[in-house]
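Remarks on the structure that follows.
Letters A, B, ... mirror the listed sequences (proteins, then strands); counts begin at 1.
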Amino acid sequence: MKALQDQLVIYNSLKGQKEPFIPRTSGKVGMYVCGPTLYSEPHMGNMRTFINFDLIYRYLLHLGFDVKYVRNITDAGHITNSAGQEVDSIGAAAKAEQLQSLEVVYKYAVKFQELQRIYNLLPPSIEPTATQHIQEQIEIIEQIIANGYAYQVNGSVYFDTRRYMQDYHYGILSGRKVDELENETRNLNAQDEKRFFADFALWKKANPADMQIWRSPWGNGNPGWHIECTAMSTKYLGKEFDIHGGGMDLKFPHHEDEIAQSCGSFGCNPARYWMHANMLNVNGQKMSKSFGNYFLPKQILDGTTGLFDKAYSANVVRFFMMQAHYRSNLDFTQEALNAAEKGYSRLVEGIKTVQNLPASTSSFDVDSLIGSFYGAMNDDFNAPILVAQLFDAVRQINLIKDGKAHISADDQKKLQEAMEVFVYDILGLSPESPNTENRLTPVMDLVLELRQQARTNKDWTTSDQIRDGLAKAGIIVKDQKDGATWS
RNA sequence: GGUCUCAUGGCCGAGCGGUUAGGCACCGGUCUGCAAAACCGUCUACAGCGGUUCGAAUCCGCUUGAGACCUCCA
């Protein structure tokens, strides 16, 4: 596995190019991914990011890396809106639902856990929350102040971007140039406390209406939005670690500011590799709460999104996402989902078929095919290429079944194992369960047996009557060479 | 308004200078009492206009269109 580890190439947003992945400590990976803000149930677009990083996590594990995967939960809601005013999204949701802030967070944390199970996400090594790390955040802010990169005003603390720019490169990740930013920023009002428009809050003085307030050396208040990630990544992974991930929309300002905070306090960029997952689109536009074009992960399972006329399983949704690269936009459409549903079923059937192939001598290069699986994933986790290679394997498997190709017993075993590993362990899919009632099974066995008798007697009227009647009940009979099946 | 990204066959999507990616749909075939299902095969597209090159979807320029970020966002 070490040889395969050495072949892994990752696209580093910090450099804007693919680079060989060299962990700080050989064989070990520290990975931090920005998790959800739990003021509402995560929508499908949010889930795409987590599913993509789950894929990355799974593949790193498969390569034998000892991975420490930290994904935070934002449960302190202070953020700044366009007018420079503080908005407590969690507090607002709490008021709307007449709940206390942590009650809101807990409610959605439970839902998020459930979604992770449904969509087959491996649990991270740890999911720390912002409110449990207020002290750590305060300590880092103190360090930034001590280093001269922050100042306090009226019980609030701001990051001193101009001072920082004398020593470091603000914009190293996002490519933004602060001098240009100033003229381009649309709203320049309500920033009286800041010395400079690009300064951002590290600590905000409490507002009497706030539902969550903490003590600090600067008085009662709330941590700024960006500092929690710096505090938690540092605590669990150290001042420098390997991979920092998150959605593309967090690149600026959130991740840029994280880098500034780490440099401002510890003098180093926290992560060597920055990875950004792209957005999920609906009708060509980013799915988001504010656009209102979002739906919930459970709605697609229930068929209640209002966008599609049927339901899709979590496996199909996940497989659909695996057919697009994590750095690409992905359009959610019914036709594409239907394609994924059929394609996935074909893939799973192929894996079942490979288990019972006649042994012979191989008519194609199985090692090379399996090597292409690794080649795809080692190239910046290119799951769509992997899927294409898997379908190549399925085609070969079906040809063998039809006697048009051959495989040796050894190769059969290798191929079966590789396909199961890549589809189930790495892509994180699972065989679709028929999900039928146990009581129905013997009944259907009986019905199909009766129909088979009718067919044997060439009583097509009766046999078709049974088939059509079942179809009306939503049960499709499939006549196969060795008997009929139903679904 | 600024910065950046993207435009691939009916749909979704790989692709990073030279080989038909792949899935679905369509069409043809195998199988079948018929149908469905399943399987096999076919379908050679790269927004437009120029340029570089022996060779461009792939590099450069312009035009058109779409999106992201600049404000909470995965």
Side-chain angles (χ1 to χ4, degrees), chain A residues 16-18 33-37 39 42-53 74 77-85 87 89 92 171 174-177 180-187 225 245-254 276-281 284-291 294 319-320 323-325 328-347 349-350 353 376 382-392 394-395 397-399 401-402 404 455 458-460 463-464 467-468 471 476-481 484-487:
Chain A
Q17 63 187 29
K18 289 181 191 172
V33 172
C34 292
T37 302
Y39 61 96
H43 62 237
M44 206 63 236
N46 298 312
M47 289 305 289
R48 184 184 177 206
T49 296
F50 303 133
I51 287 172
N52 273 141
F53 278 104
T74 297
H78 271 259
I79 49 197
T80 307
N81 71 5
S82 58
Q85 294 162 331
V87 174
S89 54
S174 61
R176 291 183 183 275
K177 295 183 175 62
E180 289 174 3
L181 261 177
E182 181 157 25
N183 305 321
E184 296 150 12
T185 303
R186 288 174 301 191
N187 296 290
W225 174 42
M248 199 79 100
D249 49 356
L250 295 182
K251 202 170 179 180
F252 187 87
H254 184 58
H276 290 96
N278 217 135
M279 303 289 104
L280 184 65
N281 286 178
Q285 193 180 38
K286 171 186 168 183
M287 177 182 286
S288 80
K289 270 210 105 174
S290 42
F291 289 151
Y294 69 97
F319 177 71
F320 169 69
Q323 286 185 291
H325 188 83
S328 298
N329 282 116
L330 176 61
D331 255 78
F332 228 93
T333 66
Q334 170 142 349
E335 211 174 343
L337 281 167
N338 286 341
E341 187 171 50
K342 294 206 70 169
Y344 183 58
S345 152
R346 181 173 145 85
L347 185 56
E349 285 305 313
T353 306
N382 200 325
I385 293 288
L386 168 63
V387 170
Q389 304 293 357
L390 287 166
F391 277 114
D392 269 358
V394 169
R395 202 181 76 252
I397 289 164
N398 287 327
L399 285 172
K401 189 185 173 193
D402 286 356
K404 292 171 184 165
R455 294 182 73 206
K458 299 196 188 297
D459 178 3
W460 311 126
S463 108
D464 289 354
R467 185 172 72 196
D468 296 346
I476 307 297
V477 176
K478 297 172 185 172
D479 290 321
Q480 292 169 341
K481 277 179 185 163
T485 60
W486 59 279
S487 60

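- For R395(A), a side-chain nitrogen or oxygen approaches OP1 or OP2 of G41(B) to under 4.0 Å.
- Distance, R455(A) CZ to A36(B) P: 14 Å, rounded to whole Å.
- Across I385(A) and A376(A), no two heavy atoms sit closer than the pair CG2-CB, 3.5 Å.
- Atoms CG (D468(A)) and C1' (A35(B)) sit 9 Å apart, rounded to a whole Å.
- Summarising the geometry, the separation between NZ on K401(A) and P on C39(B) is reported as 8 Å, rounded to the nearest angstrom.
- The interatomic distance linking D392(A) (CG) with G22(B) (P) rounds to 7 Å, in whole Å.
- Figure legend. C39(B) is base-paired to G29(B); pairs are counted as Watson-Crick or G-U wobble with both atom distances under 3.5 Å.
- When heavy atoms are screened at a 4.0 angstrom cut-off, A336(A) is found touching the sugar-phosphate backbone but no base atom.
- The CZ atom of F391(A) sits 12 Å away from the C1' atom of G13(B) (whole-angstrom rounding).
- Backbone-only contact: N382(A) has heavy atoms under 4.0 Å from sugar-phosphate atoms and none from a base.
- Here, C31(B) and C24(B) have their P atoms 22 Å apart, quoted to the whole Å.
- Backbone-only engagement by L330(A) is indicated by non-hydrogen atom pairs under 4.0 Å involving sugar-phosphate atoms exclusively.
- The pairing partner recorded for G17(B) is none, the criterion being a Watson-Crick or G-U wobble arrangement whose two distances lie under 3.5 angstrom.
- Residue R346(A) places none of its side-chain N or O atoms closer than 4.0 Å to OP1 or OP2 of G22(B).
- The aromatic ring of W460(A) is stacked on the base of G33(B), with the two ring centres less than 5.5 Å apart and the planes inclined by under 30°.
- Taking 4.5 Å as the limit, some side-chain heavy atom of D479(A) sits within range of a side-chain heavy atom of R455(A).
- Side-chain N/O atoms of N338(A) include none lying less than 4.0 angstrom from OP1 or OP2 on C24(B).
- Nearest-nucleotide mapping onto RNA chain B: of L399(A) and D331(A), the residue sitting toward the 5' end is D331(A).
- OP1 and OP2 of U3(B) both lie 4.0 Å or more from every side-chain N or O belonging to S174(A).
- Going from atom NZ of K458(A) over to atom P of U32(B) covers 11 Å, rounded to whole Å.
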Which donor-acceptor pairs under 3.5 Å do side chains of residues 336-343 of chain A form with protein atoms, sequence neighbours excluded?
from, atom 1, to, atom 2, distance (Å)
N338(A), OD1, Y312(A), OH, 2.6
E341(A), OE1, K310(A), NZ, 2.5
E341(A), OE2, K310(A), NZ, 3.4

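- The nucleotide whose nearest atom lies closest to any side-chain atom of K342(A) is, among C39(B), A36(B), A38(B), A38(B).
- Closest approach of H43(A) and K289(A) over heavy atoms only: CE1-N, 3.9 Å.
- Annotation: cation-pi pair R346(A)/F391(A) absent, no NZ/CZ under 6.0 Å from the ring centroid and within 45° of its normal.
- The two atoms that bring A484(A) and V477(A) nearest to each other are CB-CG1, 4.1 Å, heavy atoms only.
- Comparing the P positions of C54(B) and C12(B) gives an interatomic distance of 38 Å, to the nearest angstrom.
- Between the CZ atom of R467(A) and the P atom of A35(B) there is a distance of 9 Å, rounded to whole Å.
- Two residues, G35(A) and K18(A), neighbour RNA chain B, and the one matched to the more 5' nucleotide by heavy-atom proximity is K18(A).
- Rounded to whole Å, the C1' atom of U42(B) lies 12 Å from the corresponding atom of U20(B).
- Between the C1' atoms of C59(B) and G55(B), the separation comes to 13 Å (whole Å).
- For the C1' atom pair drawn from U64(B) and A47(B), the interatomic distance equals 8 Å after rounding to whole Å.
- C6(B) and U63(B) are spaced 16 Å apart, taking the C1' atom of each and rounding to whole Å.
- With a cut-off of 3.5 Å on both pairing distances, C34(B) has no Watson-Crick or G-U wobble partner at all.
- A donor-acceptor contact shorter than 3.5 Å links the side chain of T353(A) to the backbone of E349(A).
- With both pairing distances under 3.5 Å, A66(B) is matched to U5(B) as a Watson-Crick or G-U wobble pair.
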